[in-house]
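These notes concern the structure reproduced below.
Numbered from 1 within each chain, the chains take letters A, B, ... in sequence-line order. Atoms considered below: every heavy atom in the structure, side chains included; atoms not considered: hydrogens, waters and symmetry mates. Fair warning: this is a prediction, and the values are worked out from it, not measured in the lab.
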Amino acid sequence: MDAAEFHAAVYRVVRQIPPGKVTSYGHIAKLVGMPRHSRHVGQALKYLDPQSNLPWYRVISSSGQISSRGPGTSGARRQRDELEAEGIEVTGGEVGLEGGNDGGGRVNLRTYGWFPDSVDFGEVQGDEDLEAD
DNA sequence: TCAATGACACTAA
DNA sequence: CTTAGTGCCATTG
């Protein structure tokens, strides 16, 4: 699979994330068939066009933590704002609480997490047996 | 080619 | 709850 295909696959999955829900880089990587490429999922999102209406903000780390794109960047701040706009509660990252805070907060995956075994943008794997929560 | 990097994940303490 | 360490692998200099 080429980088372009990988990116395209990531975009397809991200597009399936329902409003008010979030998922993790690792899970997306799993859905596209490359569970070890969690880091590259983030790369794909970074490489996408600003014009794209892709809900990249619904993708966070497996811990529910919004990735801090580094001090001086407003990416995390925007992401937190978008998530709150979707009705998602974001804890931490309160501006003004700590100096140099770029807005990195956290989302409760137990409430807003979206982790399907597969997505319906194409074919699915006949996986029926899974652990009960 | 080698070395360093990264919008990560997982386990242990 | 936190910090530290290890694994991961395409991309980049």
Side-chain angles (χ1 to χ4, degrees):
Chain A
M1 177 182 283
D2 295 325
E5 290 186 62
F6 177 75
H7 288 188
V10 170
Y11 299 155
R12 275 195 290 274
V13 174
V14 172
R15 237 185 291 272
Q16 312 310 313
I17 306 176
K21 289 288 182 180
V22 295
T23 191
S24 66
Y25 301 97
H27 197 84
I28 290 179
K30 207 172 292 191
L31 289 177
V32 304
M34 298 182 118
R36 310 302 191 223
H37 293 60
S38 52
R39 320 175 93 114
H40 305 103
V41 173
Q43 282 296 106
L45 297 182
K46 188 174 62 175
Y47 273 68
L48 67 73
D49 292 309
Q51 274 106 129
S52 176
N53 48 352
L54 193 74
W56 57 271
Y57 46 83
R58 291 180 193 147
V59 185
I60 57 184
S61 70
S62 63
S63 303
Q65 187 73 44
I66 295 178
S67 309
S68 320
R69 258 120 43 243
T73 60
S74 56
R77 170 82 178 272
R78 259 180 53 205
Q79 181 165 11
R80 189 178 101 266
D81 185 59
E82 291 288 351
L83 293 177
E84 289 181 324
E86 294 284 309
I88 299 175
E89 293 183 71
V90 181
T91 63
E94 300 303 315
V95 180
L97 189 64
E98 303 176 24
N101 193 321
D102 62 353
R106 197 178 65 178
V107 175
N108 188 338
L109 293 180
R110 290 235 280 181
T111 303
Y112 304 104
W114 180 78
F115 304 100
D117 287 344
S118 61
V119 289
D120 62 335
F121 67 81
E123 61 184 279
V124 299
Q125 299 79 19
D127 183 7
E128 58 236 46
D129 181 70
L130 57 92
E131 77 295 337
D133 192 3

Among [options], which is the nearest nucleotide to the side chain of [X]?
| X | options | result |
| --- | --- | --- |
| A:A3 | B:dA7, C:dC8, C:dT11 | C:dT11 |
| A:R36 | C:dC1, C:dC8, B:dC8 | C:dC8 |
| A:R39 | B:dA9, C:dT11, C:dG7 | C:dG7 |

Whole angstrom is fine here: how far is it from [atom1] in [X] over to [atom2] in [N]?
| X | N | atom1 | atom2 | answer |
| --- | --- | --- | --- | --- |
| A:W56 | B:dC8 | CH2 | P | 13 Å |
| A:D2 | C:dC9 | CG | P | 18 Å |
| A:I60 | B:dA7 | CD1 | C1' | 11 Å |
| A:Y25 | C:dG7 | OH | C1' | 19 Å |
| A:K30 | C:dC8 | NZ | P | 15 Å |
| A:F6 | B:dG6 | CZ | C1' | 13 Å |
| A:M34 | C:dG7 | CE | P | 21 Å |
| A:K46 | C:dT11 | NZ | P | 12 Å |

Counting the atoms with a prime plus P, OP1 and OP2 as sugar-phosphate, which does [X] contact under 4.0 Å by heavy atoms, base, sugar-phosphate, or nothing?
| X | value |
| --- | --- |
| A:Y57 | nothing |
| A:H40 | base |
| A:S63 | nothing |

Discussion item. I'd like to know whether A:S52 forms a side-chain hydrogen bond (donor to acceptor under 3.5 Å, both in side chains) with A:Y11, so could you lay out the CA-CA distance, the side-chain angles of the two residues, the decisive distance to 0.1 Å, and finally the verdict.
Written reply: CA-CA 10 Å; A:S52 176; A:Y11 299 155; over 6 Å; no
Compare side-chain N and O positions of [X] against OP1 and OP2 of [N] and report whether any pair is under 4.0 Å apart.
| X | N | answer |
| --- | --- | --- |
| A:R106 | C:dC1 | yes |
| A:Y47 | C:dT12 | yes |
| A:S62 | B:dC10 | yes |

Practice prompt. Grab the two heavy atoms, one from A:Q65 and one from A:I60, that are nearest each other, plus how far apart they are.
Written response: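 Shortest heavy-atom separation between A:Q65 and A:I60 comes out as O-CB, 3.8 Å.
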Side-chain contact, heavy-atom cut-off 4.5 Å: [X] with [Y]?
| X | Y | value |
| --- | --- | --- |
| A:R15 | A:L54 | yes |
| A:I66 | A:L83 | yes |
| A:Q43 | A:F6 | no |

